[in-house]
J.: 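Have a look at this one.
Positions are given from 1, in the same order as the sequence printed here. Just so you know, these numbers use all the heavy atoms, side chains as well, and skip hydrogens, waters and symmetry mates. Numbering of ligands and ligand atoms starts at 1, following listing order.
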Amino acid sequence: MPANKKLLVLPGDGIGPEVVREVRRVIDWLDRRRQVTFDVEEGLVGGAAIDALGHPCPDRTMEQALGADAILFGSVGGPKWDSLPFEGRPELGILRLRKELGLFANLRPAIVWSPLAQASSLKADLVDGLDLMIVRESTGGIYFGEPRGIETLPDGTRRGFDTETYSEEEIVRVARVAFELAAKRSGRLTSVEKANVMQSGRFWREIVTRTAAEFPSVQLSHMYADNCAMQLASRPKQFDVILASNLFGDLLSDLAAAVTGSLGMLPSATLGAPDSSGRRHALYEPIHGSAPDIAGKGIANPCAQILSFAMLLRWSFGMEEDARLIENAVEKVLSGGLRTADIMVPGAARVGTSIMGEAVVRELDKMAA
Ligand code: NAD
């Protein structure tokens, strides 16, 4: 039997624990049926960690994260903690994990599952079969650059400012992730910046172009970020892999998510740099938040969390076959007509979180039989 894989599960707040519970069913299924064992440890993050230990990402959680082979993250935040000062908010839990684990490459697929093409804000034929991946740099750029602040000038007027800054090394390492991914997919990569008006954009384009020489099988093109937003909103299927800075990637990946029309279906991965043995820190989470408006009602869609686990199997453990099995099981459940409220269509059967999770496991059973 393959060696144990150390998995840290951080359910967090709101619907986080509800959807993570459904992943536990899938993990149990894999343990039973595929003869892969996981050492699953749970930890505290976000509001739950503030309540228990007074910090959104306590040192104990950091220790667990550093020792894990992969992290499955639920979601954090909620009205209960909204009045806390900025430095103590639940959302800072994820930032500490990203920063201290060096998670610099955020992978956000935007996939339209055929049974859900009607849910998109675009016409179904423009999105049916959409399967693109946005690689967003996630530890640099304008969200972290110095100087930043709000100041009062000698003449009494005030100004706010941030700095967009990228080192060569920061661009190369995230570009390599995007090129590797493109090489395994269609061989097409679109790098996005504003080289026409930003020096950091010119530099980004120069370094990405140079890095392309390492990946002769990939066809690289460049696009200005504003044009990319327009193209995503009108002809998204032209793209395969998109590479962008922290700021542009943030905006474009939300836009791509909106185009799919199903927040409850979209997973993500955030990867660190591999060490000499090829091991890398990595965190997997749905792109949705803690959805306080529906928390505790048992109606959240667990698919994004389940699909985040599929990404974990693929990226952290090289278990492509099992990842595909889970993705196919989710698709089969949708084709069979089961829907949680967020993806409901007329004529489908509306179910809650646990029925959806059970249905995925039942499909896994059928496919593995
Ligand atoms: P949200 O993603 O939590 O919810 C937006 C809307 O989508 C809500 O109507 C919600 O009910 C619905 N929704 C989200 N996930 C769903 C699912 N799986 N199934 C069915 N419906 C779903 O975003 P928000 O309302 O802007 O934020 C709520 C809280 O989550 C805030 O405290 C925010 O800071 C936090 N947040 C956390 C993360 C994270 O943990 N990484 C990400 C985004 C937001």
J.: Please name the residue in the list Arg25, Arg33, Lys332 that meets the salt bridge (charged side-chain N to carboxylate O under 4.0 Å, His left out) test with Asp365.
T.: Arg33

J.: By number and element, which atoms of ligand 1 are closer than 4.0 Å to a non-hydrogen atom of Glu285?
T.: 41 (N)

J.: Determine, counting only non-hydrogen atoms of the protein, whether one lies under 4.0 angstrom from atom 25 (O) of ligand 1.
T.: no

J.: Would you mind running through ligand 1 and noting each atom that sits below 4.0 Å from a heavy atom of Ser75?
T.: 40 (O)

J.: Using links of under 4.5 Å between side-chain heavy atoms of ILVMFWY residues, direct or through other members, which residues join Ile15 in one cluster?
T.: Ile294, Ile299

J.: Can you find a protein heavy atom under 4.0 Å from atom 34 (O) of ligand 1?
T.: yes

J.: Taking atom types as modelled, is there a side-chain donor on Gln118 or Ser120 under 3.5 Å from an acceptor on the other?
T.: no

J.: Check contact between Val19 and ligand 1, using heavy atoms of the residue and a distance below 4.0 angstrom.
T.: no

J.: Out of curiosity, is Asp293 lining ligand 1, as in a heavy atom under 4.0 Å away?
T.: yes

J.: At the 4.0 Å heavy-atom cut-off, does Ala300 count as touching ligand 1?
T.: yes

J.: Using non-hydrogen atoms of the residue, decide whether Ile294 is closer than 4.0 angstrom to ligand 1.
T.: yes

J.: For Gly78, counting its heavy atoms only, list the atoms of ligand 1 lying under 4.0 Å from any of them.
T.: 32 (O)

J.: Remaining members of Val19's ILVMFWY cluster at a side-chain heavy-atom cut-off under 4.5 Å?
T.: none

J.: Between Phe104 and Ile207, is there a shared hydrophobic cluster once you connect ILVMFWY residues whose side-chain heavy atoms come closer than 4.5 Å?
T.: yes

J.: Verify, without hydrogens or angle tests, whether Thr61 (side chain) and Leu44 (backbone) share a donor-acceptor contact under 3.5 angstrom.
T.: yes

J.: I need the atoms of ligand 1 closer than 4.0 Å to a non-hydrogen atom of Ile15, numbered in the order shown.
T.: 15 (N), 16 (C), 17 (C), 18 (N)

J.: For atom 18 (N) of ligand 1, is the nearest protein heavy atom closer than 4.0 Å?
T.: yes

J.: Taking atom types as modelled, is there a side-chain donor on Asp240 or Ser186 under 3.5 Å from an acceptor on the other?
T.: yes

J.: Considering Ala291, Pro302, Ser290 one by one, which has a heavy atom nearer to atom 13 (N) of ligand 1 than any of the others?
T.: Ala291

